[in-house]
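Letters A, B, ... mirror the listed sequences (proteins, then strands); counts begin at 1. The structure displayed is predicted, hence computed values, not measured ones.
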Amino acid sequence: DTGVSQDPRHKITKRGQNVTFRCDPISEHNRLYWYRQTLGQGPEFLTYFQNEAQLEKSRLLSDRFSAERPKGSFSTLEIQRTEQGDSAMYLCASSSLKRATDTQYFGPGTRLTVL
Amino acid sequence: AQSVTQLDSQVPVFEEAPVELRCNYSSSVSVYLFWYVQYPNQGLQLLLKYLSGSTLVKGINGFEAEFNKSQTSFHLRKPSVHISDTAEYFCAVDRGSTLGRLYFGRGTQLTVWP
């Protein structure tokens, strides 16, 4: 396994701009998760996919946020009209349903700074 | 709903000393429990997990944790720390039915001094 990868690692944007992040899970992992981590806090769940289906969304995922996983492989997280409060580390994780005791493996994260 | 409390936000220790990082959770259902470590500017790495069976769980890098159902705790321990253990440690719970979303504590910054 090559691990979960995320792109970009860092993103600086101006308030009001749209941004998109990409996550590539571990090969053949059918579950994919997005979390947000702000300074001094633990990660907070945003949403997750099983294959291409988005099964759960947190209340943190406002209308400005949208996530997709069109072919059940990589996923994108888009934030429209960014606000300063969106500044955070966005973490992606993946896991497999094939093994009942599998766990979530995290990527390195995308750090977003909104000026 | 679950909540996870990490009682100490910062734990400073000297090298080769023992350490315990505390974690308590609240849940009305059975849970799965995890400890993750995060080094600066990196993602989270799994240290260990409790799913069922023996309440003493051994993980990587010499860490271990004990699940105590009556006290709803899952404290992380290491008998002798190294400077390289300096990092942020997160306790997390899963509601235990479908291995879905994780609920994380706020983290404990472990700093090991020479």
Side-chain angles (χ1 to χ4, degrees), chain A residues 1 3-10 21 23-26 29-50 53-61 88-111 113, chain B residues 1-10 21-25 30-54 57 59-60 65 74 76 87-110:
Chain A
D1 289 336
V4 179
S5 61
Q6 293 187 244
D7 184 69
R9 294 290 307 274
H10 304 274
F21 310 141
C23 170
D24 286 89
I26 292 172
H29 273 191
N30 45 14
R31 279 196 170 186
L32 187 149
Y33 309 79
W34 285 99
Y35 292 84
R36 182 174 72 183
Q37 184 180 19
T38 53
L39 201 61
Q41 301 292 326
E44 295 174 292
F45 171 82
L46 292 178
T47 187
Y48 90 85
F49 294 84
Q50 183 169 309
Q54 189 173 16
L55 295 187
E56 188 176 358
K57 294 196 294 185
S58 162
R59 295 177 185 175
L60 293 175
L61 214 65
M89 174 80 88
Y90 289 84
L91 295 166
C92 176
S94 70
S95 69
S96 172
L97 268 182
K98 293 180 182 178
R99 291 178 289 173
T101 57
D102 206 351
T103 53
Q104 295 180 30
Y105 297 87
F106 283 81
T110 294
R111 183 170 295 283
T113 302
Chain B
Q2 286 85 26
S3 71
V4 182
T5 303
Q6 292 185 243
L7 297 166
D8 305 297
S9 60
Q10 297 193 33
L21 306 184
R22 296 180 292 171
C23 173
N24 287 86
Y25 67 92
S30 297
V31 294
Y32 297 151
L33 296 154
F34 305 81
W35 276 99
Y36 283 86
V37 60
Q38 186 175 35
Y39 298 101
N41 299 314
Q42 294 187 26
L44 279 71
Q45 179 183 1
L46 181 69
L47 274 178
L48 49 78
K49 61 186 177 185
Y50 171 79
L51 303 178
S52 65
S54 172
V57 180
I60 63 172
F74 190 55
L76 181 70
E88 188 91 23
Y89 291 79
F90 292 95
C91 180
V93 303
D94 178 282
R95 59 189 168 205
S97 58
T98 58
L99 285 175
R101 60 188 296 180
L102 292 175
Y103 296 85
F104 285 87
R106 295 182 63 174
T108 297
Q109 173 64 44
L110 174 64

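More than 12 heavy atoms of other residues, nucleotides or ligands lie within 6.0 Å of CD1 in B:Ile60, so this atom counts as buried by the packing criterion.
Here OH of B:Tyr36 is found 5.0 Å from CZ of A:Phe106. Values are rounded to the nearest 0.5 Å. Between atom CD of residue A:Gln104 and atom CZ of residue B:Arg101 there is a gap of 11.0 Å, rounded to the nearest 0.5 Å. Distance check: B:Gln42 CD to A:Leu91 CG gives 12.0 Å after rounding to the nearest 0.5 Å.
When the candidates A:Arg9, A:Gln37, A:Gln50 are compared by the number of heavy-atom contacts under 4.5 Å with chain B, A:Gln37 comes out ahead.
Here B:Tyr50 pairs with B:Phe67 under the ring pair (Phe, Tyr, Trp, His ring centres under 6.0 Å) rule; sequence neighbours left out. Under the ring pair (Phe, Tyr, Trp, His ring centres under 6.0 Å) criterion, B:Tyr89 pairs with B:Phe63, sequence neighbours left out.
Residue B:Gln38 touches chain A through its side chain alone, counting heavy-atom pairs closer than 4.5 Å. Proximity to chain A involves both the backbone and the side chain of B:Leu102, based on heavy atoms less than 4.5 angstrom apart. Heavy-atom distances place both the backbone and the side chain of A:Gln41 under 4.5 Å from chain B.
Scanning both residues, A:Pro43 and B:Leu44, for their nearest heavy atoms gives CG-CD2, 4.0 Å.
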